Amino acid sequence: MFYPTENSTVIEIHDNAFGFIFKCNVPEFGYGINSMTGKKEKTEVIERSSVPEECYWERQKLPSDYDARRRNEAQRQKIDRDYYDPYLEQIRHKEWGKRLRGCWFENYNPKKREAEWIYITGVNYMYINNWKFQGKYMDFRVPDRNLWYVVDYCMHDPDCLGVNEITKRKNGKTARVGCWLYERTSRLNNHHGGIQSKTDDDAWEVFKKAVVHPWKTLPHYWRPTYDLMKGDDPSDELRFFATSRRGQAAESEDQEEALNSFIDFKAASESAYDGPELHSYVGDETGKTKKPVSIKERQNVVRYASEIEGEFKGKNWLTTTVEIDDDEVDNYEFQDLTAKSNPLDRDDNNRTGTGLYTYFLPAQEGMFFDKYGYADIEKATQFLLNTRKKYELEGDTRGLSSFKRKNPMTFKEAFSIDGKNSLYNPEPLNNQLDDISWRTGLTEMGDLVWKDGYEFERPVVKDSGEIVYEINEVEWKPNPHGRFEKVVGWWPKDPNKVYKNGNKFLPNNNYSHRVGCDPFKYDKTKDKRRSNCAAFGYQIKDELYPDDPHNDMFTIRYAFRANSTRESNMDVLKMVWLCGCQVLFERNVNHWKRDFQDWDCEAFLMWLPGEVEPGIATDGSGKVTQMICNFTEAYHNEHIKKVYFKSLIRKDTGWLGFKVEDTQSFDEPMGAGFTLIAVKGKRYVKPNQDMQDINSIMPLNKAI
């Protein structure tokens with residue numbers, strides 16, 4: 001499918017994800033591409049009926065006398081190993097031809113109202129004709145035919161490691177990958193096929209139900225010599241080796257040379273396949289891989305077990321459903337892995353970040369199949385929209401979000417968060433997360449550092465040679481592994497607007513910026529909770545520049561676990577120094593107060609109206625947490641499109657998973673909440689106007 005042949009036809013198959021088009025080269029009618037030699041050869045053409053409406057796929061069963069004649073043949077071969085029944089050998093030759101080259105069959109197209117000739121690849125033929133999964137044979141489906149084209153394309157593209165398939169549940173994905181894994185391993189010498197899944201037990205289940213059980217029902221000529229010591233129902237690996245023992249049971253299996261290939265499965269851990277060369281790999285339910293396993297690190301290990309000296313010696317097929325189980329958490333690492341499996345985004349070696357190509361099947365294209373293998377897309381679309389409409393009319397936004405996740409009609413919906421337990425309305429949050437998750441250049445990572453390494457003040461040599469000290473500046477240093485994340489293109493209009501009064505440093509830009517912070521309590525060796533310090537900078541709307549895109553925006557983010565509380569407090573100080581503004585800390589943890597006093601920077605600490613000391617206290621009554629929820633929800637309604645920090649929205653760390661009864665697990669929503677309180681709780685006017693404090697519309701001293 002990747003390489004064109006003489007008289008081949010290009011069929012374009014969209015990835016339904018990033019906009020990449022697989023241009024699959026289908027051989028001319030009556031021909032197929034031999035998967036062993038890569039050459040175009042004549043192949044089988046299957047006709048069922050002369051009536052167009054009666055043209056559809058039907059399993060090609062063996063003749064009724066095949067089994068009896070095969071038993072006689074086997075008996076003769078015990079005496080004469082070179083004997084074969086010419087009648088049976090002709091059948092086997094034809095079946096192997098269809099497995100290697102694929103075949104053509106005539107199929108009615110209801111939309112065109114005519115029969116068409118369809119080419120299916122060899123593994124597709126094996127899948128729909130002989131692969132018995134969970135007690136039944138597979139149906140022919142046009143979307144499956146397209147996927148098998150894509151798989152074949154990826155298998156022959158030298159710059160492709162394999163497929164990253166995303167689909168809905170009950171779509172046959174496990175049966176497909178099992179057939180693909182077996183087909184490759186059972187016809188190639190010294191071939192290692194491997195399986196991993198979201199858990200160790202799941203990998204064993206895939207091995208048993210998607211490989212071993214179908215293998216047991218295959219005709220004998222597609223079951224190469226295997227190690228009888230493993231029995232007829234192997235539980236750890238399927239070995240195509242000669243049996244080490246000898247006996248009557250083994251004699252019939254020793255008639256052909258063993259492939260010395262095998263299929264096994266491994267634990268879900270990252271390093272399970274570190275070392276041995278891996279030629280065919282199945283990653284089952286990759287999007288559901290459970291923590292602490294890193295799916296990105298695991299796939300990186302698998303990649304380099306399949307890539308030898310820059311050449312992809314093996315191929316991978318990752319497949320996963322799009323929704324998660326109730327007891328599971330979203331795997332954002334898989335989303336990142338998928339983003340790096342975009343065929344339109346390649347490096348100088350013409351490869352994606354993972355080597356994989358993503359392929360997604362929308363829900364409406366995988367439902368309501370007719371006997372010709374076509375999905376009724378119009379019916380499925382209306383069905384899905386009607387269900388969504390019901391959720392909307394009932395005002396059940398959380399149920400709507402959950403249904404979309406289970407039945408995604410677009411690629412972005414496949415990664416929307418199941419919001420059935422979300423405190424906030426998940427629809428706008430999901431929409432914004434969708435918008436920013438697949439875009440680059442919205443934020444950048446880096447560090448805030450003191451200019452020339454001097455804290456607070458920097459020595460400057462005058463022309464006269466005299467050394468004077470000036471208030472120093474905080475600078476931005478890009479660093480992909482930095483502690484801070486800021487919006488690309490944002491920088492304070494008046495950065496480092498700090499002045500000195502006596503020995504004290506004071507911010508002079510409070511009318512433009514505000515910072516809120518949720519600190520962690522103990523130093524690194526003491527705290528079992530292992531939370532981060534989370535702080536956000538916010539640019540307040542400037543009436544003189546109403547079109548500034550950064551107005552009413554969280555502009556800089558800090559979510560990091562420093563080695564000590566003092567180090568973390570210095571990071572926050574650098575944020576407010578840069579912005580020239582005050583910071584509102586949570587007061588239940590007040591180590592920051594001492595540090596800011598030591599640095600003569602206590603003027604950077606924000607006092608709320610009516611309070612007797614800086615910061616804000618959260619108590620058991622939950623009033624402050626409720627205020628955070630109220631301010632946050634109001635911000636979502638007005639400005640959610642201005643949020644560019646994914647972790648602030650995501651379910652595992654952000655608003656989509658936030659729970660009022662478990663605020664300690666959500667540092668970033670709390671830090672952002674304190675920032676909003678800081679913005680609402682106290683306002684300043686510019687220095688050239690009358691200086692006075694104005695309580696917000698919802699004065700905090702009355703709300704608490």
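Scope of the values below: all heavy atoms of this structure, side chains included, with no hydrogens, waters or symmetry mates. Since the structure is predicted, the reported quantities are computational estimates derived from the model, not experimental observations.
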Determine, stepwise, if the pair Ile556 / Phe484 fulfils side chain to side chain contact (heavy atoms under 4.5 Å, CB included).
-> CA-CA 7 Å; Ile556 187 167; Phe484 297 86; 4.3 Å; yes
Check the pair Phe674, Phe585 against ring-ring contact (aromatic ring centres under 6.0 Å, His included), reporting the backbone distance first and the verdict last.
-> CA-CA 7 Å; Phe674 293 135; Phe585 277 103; 9.5 Å; no
Would Lys390 and Asp396 satisfy salt bridge (Lys or Arg N to Asp or Glu O under 4.0 Å), going step by step from the backbone distance to the final call?
-> CA-CA 9 Å; Lys390 185 175 184 296; Asp396 186 359; over 6 Å; no
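Checked by atom type and distance alone, the side chain of Arg587 pairs as donor or acceptor with a backbone atom of Gly615 at under 3.5 Å. In terms of modelled atom types and a separation under 3.5 Å, the side chain of Glu285 and the main chain of Thr321 share a donor-acceptor contact. Proximity of a side-chain donor or acceptor of Ser341 to a complementary backbone N or O of Tyr357 within less than 3.5 Å is not detected. Between the side chain of Asn316 and the backbone N or O of Gly162 there is no donor-acceptor pair closer than 3.5 Å. No donor-acceptor pair under 3.5 Å is formed between the side chain of Glu567 and the backbone N or O of Ala562. In terms of modelled atom types and a separation under 3.5 Å, the side chain of Lys642 and the main chain of Pro549 share a donor-acceptor contact. For the pair Asn431 (side chain) and Glu427 (backbone), a donor-acceptor distance under 3.5 Å is present. When atom types are taken as modelled, the side chain of Trp592 and the backbone of Glu586 share a donor-acceptor pair closer than 3.5 angstrom. Between the Asp15 side chain and the Ala17 main chain, a donor and an acceptor come within less than 3.5 Å of each other. In this structure, the side chain of Lys315 engages the main chain of Cys160 through a donor-acceptor pair within 3.5 Å.
Here Tyr538 and His513 keep their ring centres 6.0 angstrom or further from each other. In this structure, Tyr635 has its ring center closer than 6.0 angstrom to the ring center of Phe554. The aromatic ring centroids of Trp655 and Phe666 lie 6.0 Å or more from each other. Taking the six-membered ring for Trp and the full ring otherwise, the centers of Phe18 and Phe411 sit less than 6.0 Å from each other.
Taking CD1 of Ile628 as the start and OG1 of Thr663 as the end, the distance is 8.0 Å to the nearest 0.5 Å. Put simply, CD on Glu165 and OG1 on Thr286 are 9.5 Å apart, with the number rounded to the nearest 0.5 Å.
Salt bridge Asp336/Arg650: present, at least one basic N to carboxylate O contact under 4.0 Å. Classification of Lys541 and Asp548 as a salt-bridged pair fails, no side-chain N sitting under 4.0 Å from a carboxylate O. Between Glu444 and Lys486, at least one side-chain N (NZ, or NE/NH1/NH2) sits under 4.0 Å from a carboxylate O, which counts as a salt bridge. Looking at Arg557 and Glu485, a side-chain N of the basic residue comes within less than 4.0 Å of a carboxylate O on the acidic one, giving a salt bridge. Electrostatic pairing of Asp447 and Arg483 does not count as a salt bridge here, judged by no charged N lying under 4.0 Å from a carboxylate O. The existence of a salt bridge linking Glu413 and Arg388 is confirmed by a sub-4.0 Å separation between a basic side-chain nitrogen and an acidic carboxylate oxygen. A salt bridge links Asp435 and Lys412; the closest N-O separation between the charged side-chain nitrogens and carboxylate oxygens is under 4.0 Å.
Residue Trp317 forms a ring-ring contact (aromatic ring centres under 6.0 Å, His included) with just one option from Trp180, Tyr281, Tyr359, and that option is Trp180. Considering Val474, Leu448, Val583 as possible partners of Met575, the one that fulfils the side chain to side chain contact (heavy atoms under 4.5 Å, CB included) test is Leu448.
For Phe22 against Cys154, the heavy-atom pair with the smallest separation is CE2-SG, 4.1 Å. The shortest heavy-atom contact between Ile677 and Val624 is CD1-CG1, 4.3 Å. Scanning all heavy atoms of the two residues, the minimum distance from Phe658 to Val660 falls at CE2-CG1, 4.1 Å. The nearest pair of heavy atoms linking Thr618 to Asn588 is O-ND2, 2.6 Å. Considering every non-hydrogen atom in both Pro614 and Leu605, the closest pair reads CB-CB, 3.8 Å. Residues Lys288 and Thr320 share a closest heavy-atom pair of N-OG1, 4.1 Å.
Counting only heavy atoms from C-beta outward, the side chains of His550 and Val487 approach each other to under 4.5 Å. For the pair Leu578 and Pro492, the minimum side-chain heavy-atom distance is below 4.5 Å. Two residues are said to be in side-chain contact when any heavy atoms from C-beta on lie closer than 4.5 Å; Ser306 and Leu161 meet this criterion.
For Ser512 and Gln539, the side-chain atoms include no donor-acceptor pair closer than 3.5 Å. Side-chain atoms of Asn425 and His636 form no donor-acceptor pair, as typed in the model, at a separation below 3.5 Å. Remark: the Gln626 side chain and the Asn630 side chain contain an N/O donor-acceptor pair separated by less than 3.5 Å. Counted by atom type alone, Ser665 and Asp662 present one or more donor-acceptor pairs between their side chains at under 3.5 Å. Side-chain polar atoms of Thr354 and Gln299 form no donor-acceptor pair below 3.5 angstrom. For the residue pair Thr338 and Asn164, a side-chain donor N or O sits within less than 3.5 Å of a side-chain acceptor on the partner. Ser647 and Glu668 form a side-chain donor-acceptor contact under 3.5 Å, judged by distance and modelled atom types alone. With 3.5 Å as the limit, one finds a donor-acceptor pair spanning the side chains of Asp284 and Ser197.
A perpendicular orientation is assigned to the rings of Trp476 and Trp491, their planes being inclined by more than 60° (bins at 30° and 60°). Ring geometry, Tyr558 versus Phe560: the interplanar angle falls from 30° to 60°, so the pair is classed tilted.
Residue Trp204 places its CH2 atom among 12 or fewer non-hydrogen atoms of other residues, nucleotides or ligands, all under 6.0 Å distant.
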